[in-house]
There are 2 protein chains.
Amino acid sequence: MPPHRARRIPEATVARLPVYLQILVEQTELGVESISSDGLAELGGVNAAKVRKDLSYLGSYGTRGVGYEVDYLVYQIRRELGLDHDWPVVIVGAGNLGQALAGYGGFNDRGFPVAGIVDIDDAKVDTLVGGVRVRPMSELSQIVASRNVSIGVVATPPASAQDAADRLVKAGVTSILNFAPVLLSVPVGVTVRKVDMAVELQILSYHEQRRASAAAAGTGGQLHAVPDEGRRGVSA
Amino acid sequence: MPPHRARRIPEATVARLPVYLQILVEQTELGVESISSDGLAELGGVNAAKVRKDLSYLGSYGTRGVGYEVDYLVYQIRRELGLDHDWPVVIVGAGNLGQALAGYGGFNDRGFPVAGIVDIDDAKVDTLVGGVRVRPMSELSQIVASRNVSIGVVATPPASAQDAADRLVKAGVTSILNFAPVLLSVPVGVTVRKVDMAVELQILSYHEQRRASAAAAGTGGQLHAVPDEGRRGVSA
DNA sequence: GATCGCATGTGCACAGATTCACAAGCGGTG
DNA sequence: CACCGCTTGTGAATCTGTGCACATGCGATC
């Protein structure tokens, strides 16, 4: 077993590691072999101390006076995130969003090949989206079992989302990415993350609204606290 | 001016208000007229005290011993989030994702009509997606100006995302929802939110990974800290 | 091999968010 | 009109995350 397994990494850090990873991979492709916490912070739009603290949870993989070796860091982050192998995903719902997700190369490229896409509507079955043929809902379990899928994506209308989640769980999936604007109820031991685009827009709306009423109130000066860099707005 | 404007609402609360709003609107449709912090907490998957504190930032709109009047709360949250009027959005990029977003009814339904979708690739111009005709990039400014758009959505490949953002800003947009996996650099005063689906999957991967290695290490018992309810997993 | 510059790793103080626990106060009941 | 049950609203304690500031230690240079 590796030196110190089982250290718990703060959620906030876990959420940033993929971002660092992305940047590091890009740097590798640009031929960069070494990077400092400052450099990484700049590219990631965060504070350098935060980068160092985040990376320190993985272990002491930097060299004082020098920086981090990009390749090695990529390897370590990948290992920590469990990205040293692919995680096939199954998509439930072949509507607009499901189709876009299946067709979106970004999944495949980043280690999440689409093992299958299923829909409860037989009219959609057998149509081809993003190189994957839509299968009937009845084949869900079989897809999960045969391709060893542990991550499911819910891309159904809100009303069917809970049903989709139930079927995924029954089929053996233990992590769910939910795009439907509803709270999924799942057994303990199953991880759910929710992405709700309307919520994101509403948060932006709040900031717009605020800006507008501040302007109306005649606030002459700075509309927002000035962040680190010159060019960079509120990241709300 | 209303009683106490200009109170600052914590970001964490702002991110939850849309969720409460969604639930409250559903409850209205079910004919529910009054709801307690407990009830709302249950439906939203959060702690009741948090609900009360969140709502208290809006003002004292509840009735002790009774709860909150659903209609009135909807009205207040809408007002606070700036959802008392529509916010037309413009989408840059008519690829898979852009098309799905344009076709996704959820935007329109929730106060964010698609004012236009533009693409830099002339081959895509004039095709019809989700009832909206794709326009050339050159018309971006005109769309923003004429429809009074302040929110832009970046749905381009990563390499073009910064360019898209620059054009949006130049056209007068002050909030951007970015789906490209890159850090956008924008002037101070422009708000950016990033949604990266691969990042979400990678976070799930981390939890899967953890589960797997915990199991391998022979952890007999509970895999995760038990959350509030029986049925409900890690919400990571 | 001693010295110096530089970037990491971390102790510490601060800020923000969450949760507890309870006083305040509304509405119904006798 | 006094009492009681119930739920809000909020002070205070706690937990989590952030960022500063500096000691630590590596590598290059002389």
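Throughout, a chain's letter reflects where its sequence line sits, starting with A, and its residues are numbered from 1.
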query = Does B/Arg64 make a side-chain donor-acceptor contact with the base of D/dT8, cut-off 3.5 Å?
reply = yes

inquiry  = Salt bridge or not between B/Arg110 and A/Asp196? Use side-chain N to carboxylate O under 4.0 Å.
reply    = yes

message = With a 4.0 Å limit, can you tell me whether A/Tyr68 has a side-chain N or O closer than that to the phosphate oxygens OP1/OP2 of C/dG9?
response = yes

request  = Answer yes if the ring centres of A/Tyr72 and A/Tyr61 are under 6.0 angstrom apart, and no otherwise.
outcome  = yes

remark   = Given the options B/Val199, B/Asn178, B/Val154, B/Lys194 meets side-chain contact (heavy atoms from CB on, under 4.5 Å) only with B/Asn178

message = Would you say B/Tyr57 places a side-chain N or O within less than 4.0 Å of OP1 or OP2 belonging to C/dA17?
response = no

inquiry  = Nearest to the A/Ser37 side chain among C/dA24, C/dT8, D/dG19, which nucleotide is it?
reply    = C/dT8

query = Considering only heavy atoms and no angle criterion, is a donor-acceptor pair shorter than 3.5 Å present between the side chain of A/Lys53 and the base of D/dG19?
reply = yes

request  = Take atom CG of B/Asp54 and atom P of C/dT18, then tell me their distance rounded to the nearest Å.
outcome  = 7 Å

Separation of atom CG in A/Leu58 from atom P in C/dG9, rounded to whole Å = 10 Å

query = Can you find a side chain N or O atom of B/Asn47 that sits less than 4.0 Å from OP1 or OP2 on C/dA17?
reply = no

request  = Would you kindly give the CD-to-P distance between A/Glu11 and D/dC15, to the nearest whole Å?
outcome  = 18 Å

key: Whole angstrom value for the distance that separates C1' of D/dG17 from CG of A/Leu55   = 16 Å

Test applied, side-chain contact (heavy atoms from CB on, under 4.5 Å); reference residue, B/Val70; option that passes from B/Val25, B/Leu30, B/Leu40, B/Leu24 = B/Leu24

query = Mapping A/Ala12 and B/Arg52 to their closest nucleotides on DNA chain D, which lands nearer the 5' end?
reply = B/Arg52

task = Among the candidates D/dT18, C/dC26, C/dC20, find the nucleotide nearest to the side-chain atoms of A/Arg16.
result = D/dT18

request  = Ignoring the backbone of B/Ser36, work out which of D/dT8, C/dG9, C/dT18 is nearest its side chain.
outcome  = D/dT8

request  = For A/Ala155 and A/Leu101, work out which heavy atoms get closest and say how close.
outcome  = CB-CD1, 4.3 Å

request  = Would you kindly give the OH-to-C1' distance between A/Tyr61 and C/dA7, to the nearest whole Å?
outcome  = 19 Å

request  = Rounded off to whole Å, could you give me the CG-to-P distance for the A/Asp38 and C/dG5 pair?
outcome  = 19 Å

query = Between atom CD in A/Glu42 and atom C1' in C/dA7, what is the gap in whole Å?
reply = 16 Å

message = Using whole Å, what does the distance between atom P of nucleotide C/dA7 and atom NZ of A/Lys50 come to?
response = 21 Å

